[in-house]
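Contents: one structure, followed by commentary.
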Amino acid sequence: MSPTVSIAVLTRDLRVHDNPTLHGAATDGDAVVPLFVLDRAILRSDYNRPNRARFLVECLRDLDTSLEERGAGLVVREGEWVREVMRVAREVRAVSIHVAGDVTAYARRRVERLRDALPAGVDLVVHDETLFVVPPGALLPSGAGKDHMAVFTPYFRKWSSLGTRAPAPTPRALELPAGLPKGRLPAADAVAKGAVSPDLATGGESEGRRRMASWLRAGLEDYDDDHDALGNDNTSRLSPYLHFGALSPVELARKAGESRSTAAQAFVRQVAWRDFYAQVLAARPDATTVDYRPRGDRWHHSGAELAAWKAGRTGYPVVDAGMRQLAREGWMHNRARLITAHFLCKTLYIDWREGAQHFVDLLLDADVPSNTMNWQWVAGTGTDSRFNRAYNVTLQGRRHDPHGAYVRRYVAELADVDEVYLHEPWLLPEDDRERLGYPAPIVDQDEARQRLRAARGLD
Ligand code: FAD
């Protein structure tokens, strides 16, 4: 009898540890095809950018090595996603196809098109548990007709009481069907052309696991006190690995949760935000472009102010430090994301969609639900009940970077400025300001915020 073959179509679950998609396919078939399709529709979209292309290719290479060590290897195809999966399914006479359930409208449509294309006798198994600790739809509010939870605190209470599923076993040995060409791993610049940020993290499950182990050993226990302290840089920086599925969120939450410390609990709570936003977006997929809770905004248009914000030349040191960290590392500290996003939406009163796309252009972890819903939260069109809150970014800088370590690290012009002036360089004597070459503030933030106040009827 010929061996039964199953396919694991990997998407953003690029790992061998705790991967229910891969494990499901491995238990279904005598032979398994771990398949990654470079989806041409995504390659041509505004989402495909050089920083993430490089990280993706590093993840694919690392995954290929791990799969080869187990006897198989990664099979790679490029083209129209459904057509390519179907082509491989026909070639190997697959009995089943396993894939992770995802939340965007595009990802869901793609799986539905695959379901429609499959002939009778080939099973499609969608693993909703692969990408999240608690999958969208698993927790619903009480009350008829409600399809998602819109407030984090009650969501987190339910999330915590649910417990985490047992991790899927890591396959020890895998066998590819005989005669199937593996295809070639792509080069990063064939995925997206253009310059990458100079200080990008390295992609891949092996690197992700190294970082997770070192975080759990040496960073986690200070998280509670430190996670907002910009200069200390003591957050896990695991978000890109979680985004590409090079790390399992279940494994991370379980391992961190083994410590009952306040710091560990604070960290696990943060990981739950990822699931929270995923279930919001799953229920409201149009929130990527449409206000979740419209406030009647008529956003201010200023190409010059938007360009200064993107370039990290607003004249507000903590804002500029955040934007320059993003350009340099393809990553930004959460507190800096909050400050820079507030400055764009609430001070400059520029549309959150402009900011969200700029983050997508550069972030390694750019994730449709987390990016969209955090931007909407900051803009006051999302799930924040205090939707008109507006930071004074100078006070935010003083509070979260009191000695200016973060500003000095990213804003070279201010590296040697006396601490007293660091968050208000406009108070320096004129000669000093000219010598530094750091811009004057592009707007007076208190005056600028009047646009928001007037537009939202707050006066
Ligand atoms: P840690 O503090 O170590 O937290 C651990 C993990 O918890 C993170 O890796 C992440 O998966 C999750 N997490 C933490 N905070 C949040 C949050 N507010 N929302 C959702 N998940 C969270 N995160 C993304 O992963 N992708 C994005 O595209 C993204 N865009 C953002 C845009 C804005 C405007 C803001 C304010 C936040 C955004 N975040 C996004 C959330 C957060 O800033 C990052 O997850 C975090 O900075 C990643 O760093 P870390 O891994 O060191 O986080």
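Both ligands and their constituent atoms are indexed starting at 1 by order of listing. FYI, side chains are in, hydrogens and waters are out, and symmetry mates aren't considered; it's all heavy atoms of this structure.
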Can you tell whether the side chains of E329 and R237 come within less than 4.0 Å, N to carboxylate O?
yes
Assess the residue pair Y292 and F387 against the criterion (ring pair (Phe, Tyr, Trp, His ring centres under 6.0 Å)); give the C-alpha distance rounded to whole Å, side-chain angles, the decisive distance to 0.1 Å, and a yes or no.
CA-CA 12 Å; Y292 175 79; F387 53 88; over 10 Å; no
So if I only count non-hydrogen atoms and take anything under 4.0 Å from ligand 1, which residues does that give, chain by chain?
Y223, T235, S236, R237, L238, S239, L242, F267, Q270, V271, W273, R274, Y277, W331, M332, N334, R337, L338, A341, F359, L363, D365, A366, D367, S370, N371, N374, W375
Taking the side chain as every heavy atom from C-beta outward, state whether L326 and L363 have any atom pair closer than 4.5 Å.
yes
If you draw the axis of the six-membered ring of Y47, does the NZ or CZ of R52 fall within 45° of it and under 6.0 Å from the ring centre?
yes
F156 ring centre to R269 NZ or CZ under 6.0 Å, with the angle to the axis within 45°?
yes
Here the gap from D228 atom CG to Y223 atom OH, rounded to the nearest 0.5 Å, amounts to 8.5 Å
